[in-house]
Amino acid sequence: MQETRQNRISRLLQKELATIFQGQTRMMHGVMVSVTRVKVSPDLSICTAYLSIFPSDKGEEILKNIIANEKTIRYDLGQRVRNQLRIIPELRFFIDDSLDYIERIDELLKK
């Protein structure tokens, strides 16, 4: 039962975070941030979001900017899901480098 609730909340947070990042990156031409995966702790207090950033060479810089603006992002998220969640979880962001890993494996296999 608890796992089902965690999955529903993680899908909700993923959708809303993706919408927030889409609005913020619209001003930055040539940059795209997508939320690939969201995990929520069992007590729903911590949300871990994995981000895929294009172009990947700007990934660290953009992630630092996102972490610096974490409170603003959490506030925006709270405004969007205030009717569904009582407590807005603490946000943690990490770069999802699985696409880069797949690309690297493809390059090695071609050689």
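All heavy atoms count here, side chains included; hydrogens, waters and symmetry mates do not. For clarity, every value in this text was computed on a predicted model and none was experimentally measured.
A heavy-atom distance below 4.5 Å is found between the side chains of L51 and V35. Counting only heavy atoms from C-beta outward, the side chains of I73 and L91 approach each other to under 4.5 Å. The shortest side-chain heavy-atom distance between L13 and V40 falls under the 4.5 Å cut-off.
The side-chain hydrogen bond (donor to acceptor under 3.5 Å, both in side chains) analysis of residues 21-34, with sequence neighbours excluded, yields no pairs. Screening residues 10-24 for salt bridge (charged side-chain N to carboxylate O under 4.0 Å, His left out), with sequence neighbours left out, gives E16-R80. Residue pairs meeting the side-chain hydrogen bond (donor to acceptor under 3.5 Å, both in side chains) criterion with at least one partner in residues 52-65, sequence neighbours excluded, are N65-N69. Among pairs with a residue in residues 60-89, none fulfils ring-ring contact (aromatic ring centres under 6.0 Å, His included), at least two apart in sequence or across chains.
I46 forms part of no hydrophobic cluster, judged by ILVMFWY side-chain heavy-atom separations under 4.5 Å. Through direct or indirect side-chain contacts shorter than 4.5 Å among Ile, Leu, Val, Met, Phe, Trp and Tyr, F54 is connected to M32.
R74 pairs by the salt bridge (Lys or Arg N to Asp or Glu O under 4.0 Å) definition with nothing, not counting sequence neighbours. The side-chain hydrogen bond (donor to acceptor under 3.5 Å, both in side chains) test applied to S45 returns D43, not counting sequence neighbours. R86 meets the side-chain hydrogen bond (donor to acceptor under 3.5 Å, both in side chains) test with no other residue; sequence neighbours excluded. For F94, the side-chain contact (heavy atoms from CB on, under 4.5 Å) criterion is met by T48, Y50, R92, not counting sequence neighbours. Listed by chain and residue number, nothing satisfies the side-chain hydrogen bond (donor to acceptor under 3.5 Å, both in side chains) test with D76 (two or more places apart in sequence, or in another chain).
Between A49 and L17, the shortest heavy-atom distance links the atoms CB-CD1, 4.1 Å.
Within the model, atoms CZ of R8 and CG of L12 stand 10.0 Å from one another, a figure rounded to the nearest 0.5 Å. Rounding to the nearest 0.5 Å places SG of C47 at 10.0 Å from CD1 of I9. Of the inter-residue distances, the one linking I87 atom CD1 with L44 atom CG reads 8.5 Å to the nearest 0.5 angstrom.
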Hey, can you pull the donor-acceptor pairs under 3.5 Å for the side chains in residues 104-111, sequence neighbours left out?
none

